[in-house]
There are 2 protein chains.
Amino acid sequence: MARPREFDQEIVLNQAMEVFWRKGYERTSIQDLVEHTGVHRGSLYDTFGDKNQLFLQCLDLFRSKDRAFGILEEEGESKEVLRRYFDRLIDYALNDDAGRKGCLIANTAMEMGAIDSSISVRVEAFSMDVETSFYKFLMRAQQRGALKKKKNVRELARFLVSIRYGLYVLAKTTTDRKVLEDAANVAMLIMV
Amino acid sequence: MARPREFDQEIVLNQAMEVFWRKGYERTSIQDLVEHTGVHRGSLYDTFGDKNQLFLQCLDLFRSKDRAFGILEEEGESKEVLRRYFDRLIDYALNDDAGRKGCLIANTAMEMGAIDSSISVRVEAFSMDVETSFYKFLMRAQQRGALKKKKNVRELARFLVSIRYGLYVLAKTTTDRKVLEDAANVAMLIMV
DNA sequence: AAAATAGTTGACTGATCGTTCTTAAATAAT
DNA sequence: ATTATTTAAGAACGATCAGTCAACTATTTT
């Protein structure tokens with residue numbers, strides 16, 4: 001490589017992801033990306049390919065970065081751990097400073113749906129990650145006696161995925177924290 | 001009015017709504033609307049105003065037309081009624097012939113978020129409609145003894161709203177009916 | 001020091017976007 | 001029958017879109 005790049009690929013990819021996350025794929029123009037990364041159009045194309053390819057890399061980055069589920073692996077009583085997870089989710093989803101962007105994958109699933117297979121593959125994979133995180137959490141809880149043995153952990157995990165997505169949608173329909181807390185409160189009742 | 005309109009405003013508005021519903025606001029071009037309604041661009045502008053105004057009218061039409069909650073007012077055991085509601089929702093959300101469009105308001109909330117106040121007002125209003133439908137249903141169930149007196153009906157209603165939205169998102173991440181059914185099954189447990 | 005290589009840059013492409021305008025056509029009022 | 005009024009329709013508007021390319025610059029290799 002003769003002349004070195006003047007920007008950090010990872011940083012720029014994160015900045016691009018931020019824009020797609022906030023505005024969605026269609027509303028994001030190349031010009032937006034240029035302005036928010038400070039990188040020339042041509043360099044973006046040389047480095048990341050076209051808009052669609054760049055977006056796919058942002059989806060991959062999001063999947064690899066989302067550490068919200070780390071909370072589920074922390075120590076503590078299972079019910080309290082789950083409550084902490086929801087609390088943080090609600091905090092984040094409603095936080096104006098964070099841009100109330102929601103979940104990039106959920107946003108993308110809603111915007112692009114089943115249009116492009118290279119996208120739906122990634123949406124599906126992430127959704128599966130989420131389910132698996134909940135599944136593992138619930139299995140641990142069950143082994144610890146915090147969840148009845150007869151409970152169907154797969155069902156419960158999918159239920160939690162649904163609640164998770166539901167809360168992100170709710171956060172786009174209201175700024176009333178109580179609404180999301182009420183929903184999460186009821187959802188917590190499964191931990192018996 | 002001298003020369004009469006050659007098209008039915010209501011039919012055309014429904015056709016436009018269909019397109020916005022399927023493709024979202026940003027991905028829908030005036031040309032798309034022209035092709036799916038058979039109405040000239042100029043006539044669309046004369047009749048409905050610009051793209052944004054037309055879209056708002058589609059949101060209003062959607063709100064006034066969504067009769068899915070009629071199921072909740074039907075006769076029968078409360079738990080069975082709720083199950084029927086979820087069954088139909090899942091049927092619709094996954095039905096290819098229906099276009100797997102999801103819920104126009106949820107789609108719009110995710111796409112437009114809190115960008116435009118004239119839109120978020122409508123999103124909020126519809127979301128409140130949904131909550132109220134569930135609330136009334138749950139109150140009837142409680143009076144009928146199908147729901148414990150001590151249950152917080154407002155909380156439960158908001159929980160159901162969250163599940164409803166969650167299922168619509170889930171339907172965009174997978175075609176596996178079992179995933180949605182599992183989530184709905186767990187949600188049904190609140191009816192005790 | 002010269003050549004080869006790779007990244008940066010500004011200008012530009014054709015296509016499509018939402019929107020408007022002028023002209024023609026159809027009906028109602030006179 | 002003529003005029004007034006409203007709608008329809010084709011063409012065009014400037015703006016913006018995603019994407020490209022040749023000229024230029026900085027670094028590595030020879």
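Below, chain A is the first sequence line, B the second, and so on; all start at residue 1. Small disclaimer: the values here were computed from a predicted structure and weren't measured.
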**Message:** Could you check whether A:Glu131 pairs with A:Arg154 (Lys NZ or Arg NE/NH1/NH2 to Asp/Glu carboxylate O, under 4.0 Å)?
**Reply:** yes
- prompt: Are any of the side-chain nitrogens in A:Glu73 or A:Lys136 under 4.0 Å away from the carboxylate oxygens of its partner?
  reply: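 No, no charged N to carboxylate O under 4.0 Å.
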**Prompt:** Which nucleotide, C:dA6, D:dA9, C:dT27, lies nearest any side-chain atom of B:His40?
**Reply:**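 When the side chain of B:His40 is considered, D:dA9 is the closest of C:dA6, D:dA9, C:dT27.
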With respect to the side chain of B:Arg3, which nucleotide from D:dA8, D:dT5, C:dT8 is positioned closest?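 Of all the options, the side chain of B:Arg3 is nearest to D:dA8.
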inquiry  = Please list all pairs meeting salt bridge (Lys or Arg N to Asp or Glu O under 4.0 Å) that have one or both residues in residues 29-54 of chain B, counting only residues at least two apart or in different chains.
reply    =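 Qualifying pairs: B:Lys23-B:Asp32.
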Starting at [atom1] of [X] and ending at [atom2] of [N], how long is that distance when rounded to a whole Å?
| X | N | atom1 | atom2 | result |
| --- | --- | --- | --- | --- |
| B:Asp46 | C:dC21 | CG | P | 11 Å |
| B:Arg5 | C:dA26 | CZ | P | 17 Å |
| A:Leu44 | C:dG7 | CG | P | 14 Å |

Exactly one candidate in B:Leu56, B:Val39, B:Leu54, B:Leu33 meets side-chain contact (heavy atoms from CB on, under 4.5 Å) with B:Phe48; the answer is B:Leu54
Would you list the protein and nucleotides 13-18 of chain C atom pairs, both N or O, that sit under 3.5 Å from each other?
| residue | atom | partner | partner atom | Å |
| --- | --- | --- | --- | --- |
| C:dG18 | OP1 | B:Thr28 | O | 3.2 |
| C:dG18 | OP1 | B:Lys51 | NZ | 2.9 |
| C:dG18 | OP2 | B:Ile30 | N | 2.8 |
| C:dG18 | N7 | B:Arg41 | NH2 | 3.2 |

- Message: Side-chain N or O of A:Ser43 versus OP1/OP2 of C:dT8: is the shortest distance under 4.0 Å?
- Response: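 For C:dT8, OP1 or OP2 has a side-chain N or O of A:Ser43 closer than 4.0 Å.
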*asked:* I want to know whether A:Tyr85 and A:Phe69 have ring centres closer than 6.0 Å.
replied: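 A:Tyr85 vs A:Phe69: aromatic centres under 6.0 Å.
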What do you reckon, are the aromatic ring centroids of B:Phe62 and B:Phe126 less than 6.0 Å apart? yes
